[in-house]
Amino acid sequence: MVNENKVDAFGTSDIKDYNKIIKEFGVSSMESLVKYMPNPISLYRRGIVFAHRDFDMIIDAMEKQLPFVIMTGIKPSNFFHYGSKMIVDQLVYLQKHGGNVVFAVADIESLADNEMPLEKAKEIARDNIIDCIALGLDPDPKKAIFYKQSKDLTVLKAAQVFSSNVTNNMMKAIYGEHELKIYNAALTQMGDILKPQLENGKTRTVVPVGFDQDPHIRLVRDIARKHNFIPPSGTYNKFIGSLTGSAKMSKREPEGIIFLNESAELACKKIKKKAFTGGRDTLAEQKQLGGQPEICKIYELYEYGLIEDDKELEDIQKRCKSGDLMCGDCKEIACNKMTAFLNEHQKKRKEARKIVDKFLK
Ligand code: SF4
């Protein structure tokens, strides 16, 4: 059977069918859990966070107010874009519901995978953390810690110890064929994810990621069992597509990305000139047949957070499908919403910039 879903933690992933992923990779659907979450944000309500491993354990901790950790890492290789915001929105939600954030700057990974010098990685990581704070992450050291892989002895030692738990064949089976430095970066991530338990004993931990990062979750759960830790939970979000309609939002195609530090004018230009829509060839046809939000990148922006209110989203969908809303007007709405978001976000970035260095080790 041809496997049409391709998942590669260190390369290009191509996921065509998220329903199939659930069966192929043995993860659980998120759908039945959402009703147990307190005030879930739209990413959960709309099935954009579509699957999980053991997330019920984290919902239980939220409900009983038990401690839990939200582990996240950024590979500081570029500035944050609208797709990166999805992970931060989840961190903010989980932190507000009692989790403590442990935030790794994955500079060893960006050195191995992108040949990014450690000093340069530091600058980009700082900018990424400014975005996180501006998006609502509370940097109070009681609720969040930030560290760099290359400076953290717990993580570096753990990577060495864990290397005795894996074989070359196992790494090849999980990650595919790679150079040693990539396998080393993967083992360093194992140290990151287990750092809270290595330092404080058994701790419920959740790692929100895009599905391309599932190989890390599978490996760390295996290592955790071998070392008698709680296997970390994972949640998986879908990828937001590039505005142009080709694959996921990625730095390889800047015209299809909206960066969080770019001007509203530039973002609107991309929305108006580059976005692939579900519109018809002529206005008359669109009025008669309606648009196709299911393939439209403007609608995807709305769905992935530009419109948080479900009722408003439903209304846009109805008006699109009935031929009442034309793409030009719809792009204008998207541009206004993106402008409001970016202007506000950039104001908050200015504030975050003033305090960020206090929280970075
Ligand atoms: Fe997309 Fe809006 Fe056009 Fe519908 S009206 S296809 S949602 S741009």
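Atoms within each ligand, like the ligands themselves, are counted from 1 in listed order.
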Exercise. Within a distance under 4.0 Å of any heavy atom of Gly279, pick out the atoms of ligand 1 and give their elements.
Key: 6 (S)
Quiz item: Which residue supplies the protein heavy atom nearest to atom 1 (Fe) of ligand 1, what is that atom called, and how far is it?
Solution: Cys296 SG, 2.3 Å
Quiz item: Below 4.0 angstrom, N of the basic side chain to O of the carboxylate: do Glu344 and Lys347 qualify?
Solution: yes
Exercise. Could you list which atoms of ligand 1 come closer than 4.0 Å to a heavy atom of Leu325?
Key: 5 (S)
Quiz item: Within less than 2.8 Å of atom 2 (Fe) of ligand 1, any N, O or S from Cys327?
Solution: no
Exercise. Please determine which of Leu342, Thr339, Asn336 meets the side-chain contact (heavy atoms from CB on, under 4.5 Å) test together with Cys268.
Key: Thr339
Quiz item: Looking at the rings of Tyr93 and Tyr44, which for Trp means the six-membered one, are their centres under 6.0 Å apart?
Solution: yes
Quiz item: For the rings on Phe259 and Phe79, is their centre-to-centre separation under 6.0 Å?
Solution: no
Quiz item: Among protein heavy atoms, which sits nearest to atom 4 (Fe) of ligand 1, and what does the distance come to when rounded to 0.1 Å?
Solution: Cys320 SG, 2.3 Å
Quiz prompt | Distance flag, aromatic centroids of Tyr18 and Phe50, threshold under 6.0 Å | solution = yes
Exercise. Would you kindly check if the NZ (Lys) or CZ (Arg) of Lys85 is within the cone defined by 45 degrees around the ring axis of Phe341 and under 6.0 Å from the six-membered ring centre?
Key: yes
Quiz prompt | Proximal atoms of ligand 1 relative to Gly278 (non-hydrogen, under 4.0 Å) | solution = 6 (S)
Quiz item: Can you list the atoms of ligand 1 that are under 4.0 Å from a heavy atom of Cys330?
Solution: 2 (Fe), 5 (S), 7 (S), 8 (S)
